[in-house]
Amino acid sequence: MSTRTKYNPKEIESKWQTRWDTEQVYHAPDDSPKPKFYNLVMLPYPSGDLHMGHWYHYSSADAYGRFMAMRGYNVMQPMGFDAFGLPAENAAIKRGIQARDWTLSNIENMRKQLRAMGARWDWQREIVSCLPDYYKWTQWLFLQFYKHNLAYRTKAPANWCPNCNTTLANEQVLPNGTCERCGTVVIRKEIDQWLLKISAYAEELRHFKGIEWPEKTITMQQNWIGRSEGAEIRFMTEIDGKQEEIPVFTTRPDTIFGATFFVLAPEHPWVAKITAPGQQAEVAAYVEQAQRMTEIERMSTEKEKTGVFTGGYVINPLNGEKIQVWIADYVLMGYGVGAIMGVPAHDQRDFEFARKFGIEIREVIRAENEEPSDPATWTEAHVNMGVLVNSGPFDGTPDSEAIQRVTKHIEEQGIGKYMVTYRLRDWLVSRQRYWGAPIPIIYCPKDGTVPVPEEQLPVRLPEHVQFRATGESPLRYEEDFLHTICPTCGGPATREVDTMDTFMDSSWYYLRYADPQNGEQAWSPEAMKRWLPVDQYTGGIEHAILHLLYSRFFTKALRDMGHLTFDEPFTRLFHQGMILGADGQKMSKSRGNVESPDSYVTKYSADTVRCYMMFIGPFDAGGLFKGENLEGVWRFLNRFWNVVSESWVAGNISTEQTTASKAIEQMRHKTIKRVTEDVSHFRFNTALAALMEFNNVLVKQQNEVVAHTASYRKASETMMQLLAPLAPHITEELWEITGHTQSVHATEWPTFDEAMTHDDTFTLVIQVNGKVRERVEVPTTITEDEVRKIALTNAKVAPFIGDSTVQKVVYIPGRLANIVVRN
RNA sequence: GCCGACGUGGCGGAAUGGUAUACGCGUCUGUCUCAAAAACAGAUUCUGAAAGGAUUGAGGGUUCGAGUCCCUCUGUCGGCACCA
């Protein structure tokens, strides 16, 4: 009999990590006969260290991947690095090193940490977005967008972060008007920018056909995209003696007879033209002031309405009325057509504006049962439904019909049309920074904007540059980079010095994992068809709009270009929660509540940290990291180690069936059922609780006779398999110690027999009027009559019935009997 | 302001309309030890000597029976917010 061994994680974890690595057991082969399962996690930014959030995210996602592998899938679970971006550049400026060196050494460190988790990463598929063999294809993709008119350059007011010294996409400006990265207040700046025409896919992006995503995420994307149905109506004006038309967008064409003024956004191209000479100074001042405003100031809803009369007029095409043209910053250039008709009676914003500037408020819709009243006495706009009044030929029309009737009318008259607008604006991808993929465009004095020919890719980012303290991109001063030859005429030309938003890199990395080493193509059609789309994607909800929306856009655009054959990149999406410090606050150095996962791996084991992360609570809820709570998981793993290793050295295995062995067998089946269902639904916390319960039972019985039965041995075998996805090292080691030759992770997931999950007896709960009065152990075969008899004659129950009349006995088979009595 | 989710022991949390508080942490008691740690055994929602009573943010409703379903309120969190 061998002596008892102690759980020694240091030794076994490095032993198995090395073995898995050298034997490449987690590489997903392209030619497996098994069905594929693409298990993806959002790739990390190489900040230098894997933090608690990474462990939380990746432990569970890996457990799921391991579970699916044991269920017979060819699981592809890749890992890579989203390696371009500002932190590298800032570190370079601060420390006088190269961004590339900083990034690559961080990656090196994080690879080690990722290995120490014991996850089944497919390292052969690793991608690093800042390396030329990756960003070559990011550039290639940009060129495809350009070729299909989905990338364009324009001079427009852009969100500018004065701290990061670069433009930002709308999605990167937080709701409070600050920079997503650094929290600085974003201002607007007019410069030439490259944009991707995501708005062309607004309608399709609103739909989520055939995918299982959290409702919340879908709603967030739909709100972000927005959609308003209405009409574009052209108002007439006269400029320099010429008849001109200015369109407005409205969702309420039925209220057009109530339009008493007209408003242009301050940035509207017609502002200068329509402004009367006498008003020019005032208008110019207002426009300038609006431009200077930060996003915060402009977005404040508390703000009182402001505006300036331009001195110009337009004519309402329906009633021929001449109304004043104003400019006001509550009208946004980026929505609709940047111009509105002001209907103060039935729109609260227009109401406030009209009140402030003394403009007429004219009622054109009256709610049913509403007494006629003077709009001048109103305190707010009347937005309820009703029937049209003061609306010429439309008087008396219920406004439920009026929208359609007026729209039809203006279409027939040729003064407007039905129109849908979206809130979603095009994606600004230019960044005035160095550490990103160069935009593959050349500017030639003769040929203008010329895309870099595909065979000249990649446009290499210089690897050794002089950083500037201001954060200004060093690229524009890199003469070798800047000056080039025009691909069209061969003459001298300059390169675009802006680089691409890092979200460009991450919008397609999941495609590259399918075919990561392909030097000829971004991916081959075969690899694409074999692996994509992603079956399960796990990542934080903070990317609900940014990365997840961009990736969907890429997928749809690339499908239309013929490069992909599916509509959605991520079939099933799961958001893990956020892990907080023990004080309930976000972990941060300034708060001093940061905990390093590495120190807990050293103190306990990787398996302990993994299991603890899964045990904190529901995976989508996140939770607080409390170091002391790891003790519980650590004790569990030790007890598990001891009970398995000891029971397997004990000899004399009996195959005799006893009451005790049958009970163990039943619990084994119940546990398989619970764990299988829980892990399938990402409920790792309750799966672990079930395993702990089973283990507690095995521990309790390890000195009993039953510990020498085949059932008991089978139970510990099942425990190893069920725990394997969660704690891969300890189970692998025990599996080997107990004489198995194959890896536990390569075994088939245990199955259960439904009949075996039911006990022979159950605890019958006896209630009187819904209150529990007694519990009796009875056989499951018991009949209702027997239950009634037991319930009504039970000595402990009797006093609660007393002299009252028993009205009925509700019996729920297998559970309880409720005696209903009335006095 | 609008929309959505949530509120359970000292703590993290568990509960197909059917035994509330599983599992774990912490705490207390005990065993072992010169002692401590570890490990092991037991206790641990509140109240009560016990029988019992009360208890899932507050109040109401549906039901034989409600943490779970419905209504009102309240608190916390998340999203949106001058989008015509």
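These numbers come from the heavy atoms of this one structure, side chains and all, not from hydrogens, waters or symmetry mates. In what follows, chains are A, B, ... by sequence order, proteins preceding strands, each numbered from 1.
Neither OP1 nor OP2 of B:G13 sits under 4.0 Å from any side-chain N or O of A:R683. Phosphate contact (OP1/OP2 of B:C40, side-chain N/O of A:N642, threshold under 4.0 Å): absent. For the pair A:K216 and B:C80, the criterion of a side-chain N or O lying under 4.0 Å from OP1 or OP2 is not met. An OP1 or OP2 oxygen of B:G24 is reached within less than 4.0 angstrom by no side-chain nitrogen or oxygen of A:R635. Between A:T686 and the phosphate of B:A14, there is no side-chain N or O to OP1/OP2 separation shorter than 4.0 Å. Note on A:R674: every side-chain N or O is 4.0 Å or more away from OP1 and OP2 of B:A22.
Rounded to a whole Å, the CD atom of A:Q221 is 20 Å from the P atom of B:G78. With rounding to whole Å, A:M614 atom CE is found 16 Å from B:C23 atom C1'. Rounded to whole Å, the distance from CD on A:Q222 to C1' on B:C2 is 17 Å. Rounded to an integer number of Å, the gap from A:F684 CZ to B:C23 C1' is 17 Å.
Residue-to-nucleotide proximity on RNA chain B shows that, of A:P618 and A:W224, the 5′-proximal contact is made by A:P618. Judged by closest nucleotide on RNA chain B, A:M220 is the one of A:M220 and A:G334 placed further toward the 5' end.
The pair A:K670-A:E693 fails the salt-bridge criterion, with no side-chain N (NZ, NE, NH1 or NH2) lying under 4.0 Å from an Asp/Glu carboxylate O.
Ring to ring, A:Y604 and A:W634 are close: their centroids are under 6.0 angstrom apart.
Taking 3.5 Å as the limit, the base of B:C25 and the side chain of A:K626 contain no donor-acceptor pair of atoms between them.
Below 30°, between 30° and 60°, or above 60°: for A:Y330 and A:F353 the angle between ring planes is between 30° and 60°, a tilted geometry.
The side-chain heavy atoms of A:I410 and A:P317, taken from C-beta on, include no pair separated by under 4.5 Å.
With its glycosidic angle within 90° of 0, B:G9 is assigned syn.
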Between the protein and nucleotides 43-51 of chain B, list the N/O to N/O atom pairs that are separated by less than 3.5 angstrom.
none

What pairs of nitrogen or oxygen atoms, one from the protein and one from nucleotides 16-21 of chain B, lie under 3.5 Å apart?
residue, atom, partner, partner atom, Å
B:U16, O4, A:R815, NE, 3.0
B:U16, O4, A:R815, NH2, 3.1
B:U19, O2, A:R775, NE, 2.6

